[in-house]
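I'd like to ask some things about the structure below.
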Amino acid sequence: MPFPRLFEPLRLGDKITLRNRIVLPAHGPRISGDRYIRYLDERVKDIGLYLCSQPASSGVAAYSPGPPASLPPGHRVESDARLPDPASAEGKAFLDDLYLPFMRRQVEVGQRYGVACFGQVVHTGNYSFHTDWQVGISPSAVPDELLGETPHALTRSEIADVVATFANAAERVKAAGMAGVEVHCCHGLLLNAFLSPITNRRTDDYGGSPENRARLLREVVAAVRERVGPGLVVGVRIAGQDGIDGGLTTDDTAAALAPIVDQLDYLSVSASSEGGRKGGVTVPAIMSADYPEAVFEPSARKLRETLGLPVILSGRITQPATAERVLADGSADLVGIVRAMLADPTWPRKARDGEEDDIRLCTGNNECRYRTQLRVRAVTGPVACAVNAAAGREEEMDSVAPAVPKRVLVVGGGPGGLEAARVAALRGHTVTLCERDTQLGGQALIAGRDPRSAGLGRAVAQLERQVRKLDAVDVQLGREVGAADVAALAPEAVIVATGALPPPLPSPAAVSVIDVLRGEAKLGARVCIVAGMNGHRAPLALAAKLADERHDVHLVTERTIVGEDLDPGVNHTLLKLLYGRGVDLRNLTGLRSFEDGVAVLYNTLTRHESQLAVDSLVVATRGPANDALSVELQDAGLPMQAIGDCLAPRRLIHAILEGHRAALAV
Ligand SMILES: Cc1cc2nc3c(=O)[nH]c(=O)nc-3n(C[C@H](O)[C@H](O)[C@H](O)COP(=O)(O)OP(=O)(O)OC[C@H]3O[C@@H](n4cnc5c(N)ncnc54)[C@H](O)[C@@H]3O)c2cc1C
Ligand SMILES: Cc1cc2nc3c(=O)[nH]c(=O)nc-3n(C[C@H](O)[C@H](O)[C@H](O)COP(=O)(O)O)c2cc1C
């Protein structure tokens, strides 16, 4: 076995034996019912432990002080309806009725495979569900870092309700048959906000000294332990450090936990706050691929050594080799893996069977979090993954063998075409994949030439490996396909995945981001990057690359902020880097012209013009759809599907999803 430590059993708290060291930590994928059960089923088969998370699994997050609006038991809960106070007897009974059946179903998934299930109890505090009209709550009225909402500072009697709510939720976890309860105290959420001197400015006995700030955590853990009794595993998910100026260090965290160690069976170590934009956070809680693997390892090791509790370490563990090393080095007893399991639910099996090269790796672009969490635009939706079209849509993507296998032509070997070819061949079709370039991978391959975006390159390299293993796919490189070629090949189905064209250039002196990444552009010292409406990663990553290469960089965007369409964790990392390198960032700014080393810029609102003297101008807007072939085929009445950027220039996640769906539709 290539990773023996990963597959060793572990006795936890002398209460339960986990069959291996792989944990699926809590993560709210915003899917429910059968869809969530299937999602779990795919992911828990080969692991040791999984955590079901808030709010549906316990009801803690339902606690929200405010105008009373209790609902009679049995009342149907609309997404924006208020639940009865979960700390009250009525609320407890109501939530029991509401949640227990589904919580039991979540436990049963693991029981089928002998895998343990714990329930995480969490109040999101200041990051509450504003979309459900709940007020954010916090120790003090310090605005949150994502939405800027000022929370309600809890009164002492409300704090008592919070404790009761956690205890009630823990009782529900036990009643559902879960083997353990995890108290959430990290990522800037309610209990963590009490610990931190930045968000806790109280002057009563829940604030001020470190002992006072840790009082609520102590009370919650004591109440939970008292309620569930000694037989259940109880753990805390803790921020090993805040990683911000004036925030908690690992020593502070250890001191807060020391008095309650006797009541705990394990620690789950993560770090940082959800927002993390203030105070120069070193690593956001759900960090992008800009950070090293197992980035919170030093905190985990220190807490494990200081407190003597078994530790789950999470945070950018994407490779089995990292997981094995973390265990071998004694930094942790278990590894928590979320996004890598979203990208490839068969990660544990492949690690066990020595097939780690076949693991579909997480790109760390945080599409999953961008879609599920309360973001700048206050929208949330079901989880999705850039590289795994089936994540959260397991049933939809169930492959059914076609009644009659067909000869399928896929035009374009970017991520969309590769996924379409892979899935069509797996279903039993015979596929010809034509790519006009001499390499597969399309724009993602080009983007991946920048080490900072290497995840994109890895994603298409992995797709190519899978396609090359399939005898049913005939890959033809250097083959540009026109309508006449399609007619000559006479396929029974055509999937057009011809992607996007390079962005149009405003002057012969300008170059595109693609020219730069291909190494085909020679840039002067002063460079202006034009992002236009592209609010995603490409303009920022390019600015970072050019700043690394010591160019004097100016980045102009027509959007309200640079990188507006990125998950905040990714965006703030890149922005921090750009500000740190002195890059000039200009919002709401477009380009009028570029001539003789002068870029004429304008403010998109006032139309006020300004001049910027630069040596080079790089266009990093999205290029137009390369749809000549798809339009011609459609006009000719041929049965074909256009997918990805040739349909509309967007991102990897769209190309892969549409490639997958198109292949299922053949
Ligand atoms: C610099 C840069 C950075 C980016 N960064 C990100 C990012 O961080 N995250 C993200 O999600 N997305 C990013 N994108 C966008 C992402 O790469 C694209 O959305 C994605 O590659 C689209 O996939 P596709 O398969 O539809 O098209 P493409 O990747 O464009 O592939 C199309 C392929 O078709 C081939 N082709 C075209 N016409 C023909 C023909 N007639 N016959 C045969 N072959 C043909 C092309 O050569 C190409 O290989 C970035 C793009 C760029 C340029
Ligand atoms: C979509 C999503 C939802 C999450 N929700 C929770 C949650 O409810 N509770 C929690 O403790 N952590 C949550 N997390 C954080 C993860 O548990 C984990 O700490 C983080 O993703 C880093 O691990 P990874 O690199 O393996 O993804 C969430 C993460 C993601 C991506």
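As the structure lists them, so they are numbered: ligands from 1, and atoms in each ligand from 1.
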For the residue pair Asp627 and Ser630, confirm or rule out a side-chain donor-acceptor distance under 3.5 Å.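 There is no such pair between these side chains.
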protein heavy-atom neighbour closest to atom 31 (O) of ligand 1 works out as Gly414 CA, 3.4 Å
What is the closest protein heavy atom to atom 18 (C) of ligand 1, and at what distance does it sit? Asp645 OD2, 3.4 Å
At a 4.0 Å cut-off, with the gap strictly under it, does some heavy atom of Ala340 reach an atom of ligand 2? no
Between Asp437 and ligand 1, does any nitrogen or oxygen pair lie at a separation below 3.5 Å?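 It does not: no N or O of Asp437 is found under 3.5 Å from an N or O of ligand 1.
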Proximal candidate to atom 1 (C) of ligand 1 [heavy atom criterion; set Leu477, Leu647, Leu517, Leu629]: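 Shortest heavy-atom distance from atom 1 (C) of ligand 1: Leu517.
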Under 4.0 Å from ligand 1, counting heavy atoms only, is it the side chain of Ala500, its backbone, both or neither? backbone
Distance to 0.1 Å, residue and atom name: give those for the protein heavy atom nearest to atom 20 (C) of ligand 1. Pro415 CG, 3.9 Å
Close N or O approach (Val411, ligand 1; < 3.5 Å): no
Which bit of Met341 gets closer than 4.0 Å to ligand 2, counting heavy atoms only: side chain, backbone, both or neither? neither
Hey, can you tell me if Tyr266 and Phe118 have their rings parallel, tilted or perpendicular (30° and 60° cut-offs)?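 Tyr266 vs Phe118 ring planes: tilted.
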List ligand 1 atoms under 4.0 Å from Ala497, heavy atoms only on the residue side. 32 (C), 33 (C), 34 (O)
Below 4.0 Å from any atom of ligand 2, is there a heavy atom belonging to Val383?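 No heavy atom of Val383 comes that close to ligand 2.
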Classify the contact between Arg237 and ligand 2 as side chain, backbone, both or neither, using a heavy-atom distance cut-off of under 4.0 Å.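 Contact part for Arg237 vs ligand 2: side chain (C-beta onward).
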If we only count N/O pairs under 3.5 Å, is Gly416 in contact with ligand 1?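 For ligand 1, there is an N or O atom that lies under 3.5 Å from one belonging to Gly416.
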Atom 34 (O) of ligand 1 has as its nearest protein heavy atom Gly412 CA, 3.3 Å
Could you tell me whether Arg43 and Glu394 make a salt bridge, using a distance below 4.0 angstrom between a side-chain N and a carboxylate O?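 So Arg43 pairs with Glu394 through a salt bridge.
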Which option out of Leu652, Thr363, Asn626 puts a heavy atom nearest to atom 12 (N) of ligand 1? Leu652
Using a plain distance cutoff, I'd like to know if Val481 has any nitrogen or oxygen under 3.5 Å from a nitrogen or oxygen of ligand 1.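 Yes, since at least one N or O of Val481 sits under 3.5 Å from an N or O of ligand 1.
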Gap between atom CG of Asp344 and atom CD1 of Ile337 - 0.5 Å precision: 11.0 Å
I need the nearest protein heavy-atom contact for atom 48 (C) of ligand 1: residue, atom name and distance, please.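 Looking at atom 48 (C) of ligand 1, the protein heavy atom closest to it is Glu435 OE1, 3.4 Å.
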Check Asn365 against ligand 1 and report side chain, backbone, both or neither, counting heavy atoms closer than 4.0 Å. side chain
So the atoms of ligand 1 within less than 4.0 Å of a heavy atom of Arg479 turn out to be 42 (N), 43 (C)
Between Tyr39 and Tyr36, how do the two ring planes meet: parallel, tilted or perpendicular, split at 30° and 60°?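 Tyr39 and Tyr36: parallel rings.
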State whether Arg325 and Glu297 are salt-bridged, where the test is any N-O pair (Lys NZ or Arg NE/NH1/NH2 against Asp/Glu carboxylate O) under 4.0 Å. yes
Can you find a non-hydrogen atom of Val122 under 4.0 Å from ligand 2?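 No, Val122 has no heavy atoms under 4.0 Å from ligand 2.
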Carboxylate-amine/guanidinium proximity below 4.0 Å for Asp645 and Arg622: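 Salt bridge absent between Asp645 and Arg622.
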May I ask you to decide whether Arg559 forms a salt bridge with Asp565, counting only side-chain N to carboxylate O separations under 4.0 Å?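 Here Arg559 pairs with Asp565 in a salt bridge, since their nearest N and O are under 4.0 Å apart.
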Of the listed options Ile286, Thr318, Val23, Leu189, closest to atom 20 (C) of ligand 2 (non-hydrogen atoms):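 It is Ile286 that holds the nearest heavy atom.
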Heavy-atom proximity to atom 53 (C) of ligand 1, best of Glu419, Gln476, Gln443, Glu367: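 Selected option, by shortest heavy-atom distance: Gln443.
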Any salt bridge between Asp567 and Arg537, counting N to O under 4.0 Å? no
Any idea which atoms of ligand 1 are less than 4.0 Å away from a heavy-atom of Cys434? 43 (C), 44 (N)
Inspect the contact between Asp450 and Lys545 and indicate whether a charged nitrogen and a carboxylate oxygen are less than 4.0 angstrom apart. no
Return a yes/no value for Arg436: is any of its N or O atoms, backbone included, closer than 3.5 angstrom to an N or O of ligand 1?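 Yes; the residue has a nitrogen or oxygen that sits under 3.5 Å from a nitrogen or oxygen of the ligand.
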